[in-house]
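One structure is given here, and the rest of the page talks about it.
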Amino acid sequence: MVGGGQLARMTHEAGIPLGVRFRLLSDGPRDSAAQVVRDVVVGDYRDLDTLRSFARGCDVVTFDHEHVPTEHLRALEAEGVAVRPGPDALRYAQDKGAMRARLTELGVPCPRHRIVADPAEVTAFATVEEGASGFPVVLKTVRGGYDGKGVWLVRDEAEAAEPFRAGVPVLAEERVDFVRELAANVVRSPHGQAVAYPVVESVQVNGVCDTVIAPAPGLSEELSARAQALALGIARELGVVGHLAVELFETPDGRVLVNELAMRPHNSGHWTQDGAATSQFANHLRAVLDLPLGDPRPRARWTVMANVLGGDYPDMYGAYLHCMARDPGLKIHMYGKDVKPGRKVGHVTTYGDDLDQVRERAAHAAGYLRGTITE
Ligand code: ADP
């Protein structure tokens with residue numbers, strides 16, 4: 001797996017009982033996954049020779065992020081390396097402009113959008129063009145964004161200057177007046193076998209995923225089936241292999257629009273470690289190795305995952321003890337990262353029959369670990 005973050009750490013963990021030998025390409029020896037994987041190559045994923053020597057001896061290469069240059073992936077494929085997901089699919093998770101264009105071609109519902117060259121074009125998009133609904137509009141750099149970095153809500157032409165400073169193409173989108181955000185997560189193997197997890201609700205705070213509720217409360221069976229079918233269709237049409245997260249907006253008139261695609265294990269699927277018969281990490285590995293996929297069904301009526309962000313106290317140990325003692329049913333997943341304010345350093349999961357209680361337990365533990373709740 002290329003990338004040494006928490007996704008690689010948890011994928012490695014899921015591979016242990018499957019007997020998978022796991023090699024990691026990590027930026028540094030202290031990265032989250034590099035701390036636990038034995039076979040680690042430290043190197044730069046942007047360098048083709050590093051990727052080549054890393055891939056030598058691997059049955060398959062997969063990713064914990066989407067930042068490996070597409071041309072390097074093509075070069076590896078041409079040299080006979082099994083790259084999964086392959087560059088023809090992955091490019092749509094790397095470039096939001098390419099993703100929007102392809103999904104629109106496929107008839108997948110998306111927010112109204114257009115690549116814009118300068119602030120004047122943003123104004124035209126917002127106020128003049130057909131379907132224009134005025135400011136504010138959302139601007140996104142097409143590459144390199146994550147956790148809300150690379151996304152701006154702009155209220156006028158003057159504010160639209162900032163996103164162009166990065167020198168990367170900018171995508172303008174209507175601001176969707178959504179009821180909530182959902183994610184439809186599916187896994188597909190090279191054989192074309194696919195499974196769909198229950199559709200979840202993801203709650204974002206300041207552009208960062210805060211809580212995920214599985215299944216999404218109150219979601220009609222009809223809309224849930226539609227969202228799953230949409231995600232399975234995207235996986236098939238784009239030729240995705242592995243886990244695909246389709247981030248969605250649910251609109252007040254009962255539609256779903258696609259926000260983003262991620263072709264790797266995803267934060268909206270962390271709940272599956274404790275809450276589903278087969279986790280997203282295990283199924284991602286099964287898929288990229290072309291093994292039969294595991295059962296995606298939930299194990300409890302409700303599962304809630306809450307991210308643990310770093311707070312002002314670098315030492316979380318006291319809070320960690322307290323949370324374990326307070327709630328023996330709490331599942332804690334720490335990533336081995338240094339605590340910095342706002343950084344994702346772990347997550348907690350709870351499950352049970354009573355949604356309010358399950359939510360309260362997860363929110364309490366995540367808040368206590370961060371230091372925003374003190375009793
Ligand atoms: P990232 O790549 O950082 O995850 P996203 O494209 O997912 O960026 O956007 C981050 C958040 O910004 C979304 O989760 C959503 O809350 C908000 N957002 C993004 N696009 C829109 C839009 N067109 N309308 C309204 N809100 C949006």
Side-chain angles (χ1 to χ4, degrees), residues 3 5-7 63-67 90-104 108-116 122 125-127 129 131-155 159-160 162-163 166 168-185 199-213 216 227 231 234 243-253 255-270 305-307 309 342-344 347:
Q6 64 264 24
L7 301 176
F63 310 94
D64 117 317
H65 59 67
E66 43 265 317
H67 306 314
L90 206 54
R91 56 185 291 248
Y92 300 113
Q94 295 179 316
D95 184 314
K96 291 179 183 181
M99 178 267 289
R100 282 276 176 259
R102 184 77 183 109
L103 292 186
T104 305
V108 171
C110 290
R112 192 174 76 85
H113 59 91
R114 179 156 96 71
I115 295 286
V116 283
V122 176
F125 172 85
T127 59
E129 288 169 11
S133 46
F135 282 103
V137 294
V138 177
L139 298 183
K140 300 179 177 183
T141 51
V142 296
R143 269 190 297 277
Y146 68 96
D147 284 351
K149 295 179 182 70
V151 176
W152 292 261
L153 183 69
V154 303
R155 283 166 296 192
E159 280 187 8
E162 176 68 23
V168 179
V170 174
L171 178 73
E173 291 183 356
E174 65 171 308
R175 191 198 35 179
V176 178
D177 180 22
F178 56 80
V179 184
R180 59 178 169 172
E181 296 188 59
L182 304 171
N185 292 339
V199 176
V200 298
E201 174 174 347
S202 87
V203 182
Q204 316 282 321
V205 177
N206 301 325
V208 180
C209 173
D210 181 82
T211 305
V212 171
I213 307 166
I234 292 171
H243 187 267
L244 169 71
V246 180
E247 295 180 24
L248 299 163
F249 297 129
E250 181 182 354
T251 64
D253 56 356
R255 290 176 305 138
V256 284
L257 305 178
V258 172
N259 175 31
E260 262 232 280
L261 304 180
M263 296 178 196
R264 51 171 170 74
H266 188 253
N267 205 163
S268 64
H270 289 359
M305 188 273 343
N307 277 328
L309 302 185
R343 186 183 201 196
K344 282 183 197 168
H347 67 268

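Start at 1 and go down the list; that is how both ligands and their atoms are numbered.
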How far is [atom] from its nearest protein heavy atom, and which residue and atom is that?
| atom | result |
| --- | --- |
| atom 21 (C) of ligand 1 | Phe249 CZ, 3.5 Å |
| atom 14 (O) of ligand 1 | Glu181 OE1, 2.8 Å |
| atom 1 (P) of ligand 1 | Glu260 OE1, 3.5 Å |
| atom 26 (N) of ligand 1 | Phe178 CE2, 3.6 Å |
| atom 3 (O) of ligand 1 | Gly148 N, 2.5 Å |

### Message
As a test of understanding, state which of Arg102, Arg143, Lys140 forms a salt bridge (charged side-chain N to carboxylate O under 4.0 Å, His left out) with Asp95.
### Response
Arg143

With a heavy-atom distance limit of 4.0 Å, tell me whether [X] approaches ligand 1 through its side chain, its backbone, both, or neither.
| X | value |
| --- | --- |
| Asn259 | side chain |
| Glu173 | side chain |
| Val151 | side chain |

### Summary
Only one of Leu309, Val212, Asn307 passes side chain to side chain contact (heavy atoms under 4.5 Å, CB included) with His347, and that residue is Asn307

#### Entry: Donor-acceptor under 3.5 Å (Arg100 side chain, Asn259 main chain)
yes

### Query
Cation-pi between Arg112 and Phe125: NZ/CZ under 6.0 Å from ring centre and within 45° of the ring axis?
yes

Per-atom contacts of ligand 1 with [X], taking only distances under 4.0 Å to non-hydrogen atoms:
| X | result |
| --- | --- |
| Lys140 | 6 (O), 19 (C), 20 (N) |
| Glu247 | 7 (O) |
| Arg175 | 24 (N), 25 (C) |
| Glu174 | 22 (C), 23 (N), 24 (N) |
| Gln204 | 14 (O) |

#### Entry: Trace of the side chain to side chain contact (heavy atoms under 4.5 Å, CB included) decision for Leu171 with Arg114
CA-CA 6 Å; Leu171 178 73; Arg114 179 156 96 71; over 6 Å; no

### Query
Of all heavy-atom pairs between His113 and Pro111, which one has the smallest distance, and what is that distance?
CD2-O, 3.1 Å

### Query
Can you find an N or O of Val176 that's nearer than 3.5 Å to an N or O of ligand 1?
yes

### Message
Check this for me, if you would: do Glu173 and Lys96 make a salt bridge, where the nitrogen-to-carboxylate-oxygen distance has to be below 4.0 angstrom?
### Response
no

### Message
side chain to side chain contact (heavy atoms under 4.5 Å, CB included), that's the test. Do Asn267 and Lys344 meet it? Break it down for me.
### Response
CA-CA 10 Å; Asn267 205 163; Lys344 282 183 197 168; 2.8 Å; yes

### Message
So, 4.0 Å and heavy atoms of His113: is ligand 1 close enough to count as a contact?
### Response
no

### Query
Roughly how far, to the nearest 0.5 Å, is CG of Asp210 from CD of Gln204?
8.5 Å

### Task
Taking atom types as modelled, find out whether Thr251 and Asp177 have a side-chain donor-acceptor pair closer than 3.5 angstrom.
no

